[in-house]
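Both counts, for ligands and for their atoms, begin at 1 and track the order of listing. Counting begins at 1 with the first residue of the sequence.
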Amino acid sequence: MTRLVMKFGGTSMADLERIRRAARIVAAEVKAGKQVAVVVSAMAGKTNELVAWTDGVGAAAAGLPLSDDEYDVVVASGEQVTAGLLALTLRNMGLNAESVMGWQVPITTDEAHARARIESVGSERLDEILGAGGVAVVPGFQGVTPGGRITTLGRGGSDTSAVAVAAALDCPCDIYTDVDGVYTTDPRIVPKARKLGRVSYEEMLEMASLGAKVLQTRSVELAMAKRVPVRVLSSFVEPDDNGNLPAEAGTLICDEEEIVEKRIVSGVTMSRDEARITLLGLSDRTDAPADVFTRLAEANVNVDMIVQSQARSEGAVNLTFTTGRRDAQRAADLMQAAQKEIQFEEIRIDADVAKVSVIGVGMRSHAGVAQTMFKALADKGIKFQAISTSEIKISVLIEDAYAELAVRALHSAYGLEAV
Ligand code: ADP
Ligand code: ASP
Ligand code: MG
């Protein structure tokens, strides 16, 4: 019998009516003869509320690391509620459903609380439930350490739970959300964005890590590593009168070879998650950049873009780099504390920046992609402060106020609009 993992996000679990609709979609797959495991998010807004409560009791204010293990005990609870509610709803529809918490599956993770990585997923309990004709409902986002403490997988982590469960059950994964697929860019920013029928794992990985929040980056990483076929589709659908779902819906994330229509650029993304740090008047010693980046690496600060330019004073350079916004102050403090050893005159930190990127596997074999990007931005008078590229993406750092304008300009410059 074919198996399927179905994941419902926060908006799709937002209230009891939406939970009932999700249950009808699950029932349709069961009726179609599939053995189903469902992974659910907390109700929309719930995780934010729980995080705010942990702030409220002073976890962050007291200077405790955010990775405190009790933080996870609190924020993991939102998914326990929706898992139970969905299982109850399915039972009331006559299905044999049972919730299985993260620690019961078990979804074992490392000990990095608040951003844990999955190490293994036990399939025994899920096999039992599915084998007996039942539906297993698993709360997303939750894991457990080998020592038995509850962990969470980072914001948006239910996508990763779903793909991990699908990998363990060796089956595809359908991600039901509030859009009906992956678009050329966020349809909330560009209403004329086009739905992509298929996207390669590589492109989706870049899109997710560069700001398309439709899938958590780690979920795509995992899907690519384990070759799990992932579909993104809308939970705002109703099975027809016979209880059947519409065929061929959504976006399939798959191997590049399975995509017939080749595009040069598949997507445009934006991320406001960055901050720019500049060391002015840095000593022009050959080992100065190594000194700076070693200190950052040792403190586990990820650096993305790097630009070095000539400073006004002789024998000195200006070194600019970007980090995640969350890490910026810590990175700046580190630099400040070592100012004498590193030898720089002044440090500036600027969070009013955004990273805008274009992504497409076609870039590997086509010239002129960068030129189109720079021209489109120049035409709108948008200056860029740093650039980074990989084989299939180009990113530029710009002033935050221009981010949406830049996304629209690029989306149109590459002819991505729906006709
Ligand atoms: P869920 O709660 O189901 O996990 P998310 O809010 O995490 O849903 O992700 C879905 C949202 O991702 C959409 O509402 C959309 O605004 C946003 N999004 C950003 N970029 C894209 C894109 N390229 N394609 C589709 N959706 C996108
Ligand atoms: N509820 C968690 C969050 O809001 C996990 C998820 O929805 O994927 O981040
Ligand atoms: Mg999400």
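Looking at atom 14 (O) of ligand 1, its nearest protein heavy atom turns out to be Arg188 NH2, 2.5 Å. At the shortest separation from atom 27 (C) of ligand 1 among protein heavy atoms lies Val214 CB, 3.8 Å. Given atom 15 (C) of ligand 1, the protein heavy atom at minimum distance is Asp186 OD1, 3.5 Å. When only non-hydrogen protein atoms are considered, atom 24 (N) of ligand 1 lies nearest to Tyr183 N, 2.9 Å. In this structure, the protein non-hydrogen atom closest to atom 7 (O) of ligand 1 is Lys213 O, 3.6 Å. Regarding atom 2 (O) of ligand 1, its nearest protein heavy-atom neighbour is Gly10 N, 3.1 Å.
Looking at Arg125 and Glu98, a side-chain N of the basic residue comes within less than 4.0 Å of a carboxylate O on the acidic one, giving a salt bridge. Ion pairing of Asp400 with Arg272 is present here, as a side-chain N (NZ or NE/NH1/NH2) and a carboxylate O approach within less than 4.0 Å. With respect to Arg117 and Glu221, a salt bridge is recorded, a charged nitrogen being found less than 4.0 Å from a carboxylate O. Using a cutoff of 4.0 Å between basic side-chain nitrogens and carboxylate oxygens, Asp333 and Arg330 are not scored as salt-bridged. A salt bridge links Arg3 with Asp127: the distance from a Lys NZ or Arg NE/NH1/NH2 to an Asp or Glu carboxylate oxygen falls below 4.0 Å. Using a cut-off of 4.0 Å between Lys/Arg side-chain N and Asp/Glu carboxylate O, Arg188 and Asp178 are scored as salt-bridged. The pair Glu49-Lys46 counts as a salt bridge, with a side-chain nitrogen and a carboxylate oxygen less than 4.0 angstrom apart. Ionic pairing of Asp170 and Lys226 is not present here: no N-O contact between side-chain nitrogen and carboxylate oxygen is shorter than 4.0 angstrom. Ion pairing between a basic and an acidic side chain is recognised when a charged N comes within 4.0 Å of a carboxylate O; Arg276 and Glu274 show no such pairing. In summary, Arg408 and Glu404 engage in a salt bridge, as defined by a charged side-chain N under 4.0 Å from a carboxylate O. Salt bridge annotation for Glu256-Arg364: present, with a cationic side-chain nitrogen under 4.0 angstrom from a carboxylate oxygen. Residues Glu238 and Arg24 are paired through a salt bridge, judged by an N-O separation under 4.0 Å between the basic side chain and the carboxylate.
Near Val182, with a cut-off below 4.0 Å to any heavy atom, the atoms of ligand 1 are 24 (N). Atoms of ligand 1 lying under 4.0 Å from at least one heavy atom of Ala212, given by number and element, are 20 (N). Atoms of ligand 1 lying under 4.0 Å from at least one heavy atom of Asp178, given by number and element, are 10 (C), 11 (C), 13 (C), 14 (O).
Under 4.0 Å from ligand 1, the heavy atoms of Thr185 that appear belong solely to its backbone. Under 4.0 Å from ligand 1, the heavy atoms of Val179 that appear belong solely to its side chain.
Between Gly181 and ligand 1 there is a heavy-atom distance shorter than 4.0 Å. Ligand 1 lies less than 4.0 angstrom from a heavy atom belonging to Lys7.
For residues 382-419, the pairs satisfying ring-ring contact (aromatic ring centres under 6.0 Å, His included) are Phe374-Phe384, with sequence neighbours left out.
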Tabulated below should be the N or O atoms of ligand 2 paired with protein N or O atoms at under 3.5 Å; can you produce that?
| from | atom 1 | to | atom 2 | distance (Å) |
| --- | --- | --- | --- | --- |
| ligand 2 | 1 (N) | Thr47 | OG1 | 2.8 |
| ligand 2 | 1 (N) | Glu79 | OE2 | 2.6 |
| ligand 2 | 4 (O) | Thr47 | OG1 | 3.4 |
| ligand 2 | 4 (O) | Arg155 | NH2 | 2.9 |
| ligand 2 | 7 (O) | Ser41 | OG | 2.9 |
| ligand 2 | 8 (O) | Gly156 | O | 3.4 |
| ligand 2 | 8 (O) | Gly157 | N | 3.3 |
| ligand 2 | 8 (O) | Ser158 | N | 3.0 |
| ligand 2 | 8 (O) | Ser158 | OG | 3.2 |
| ligand 2 | 9 (O) | Arg155 | NE | 2.7 |
| ligand 2 | 9 (O) | Gly156 | N | 2.8 |

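Below 3.5 Å of separation, one finds an N or O of Thr177 facing an N or O of ligand 1.
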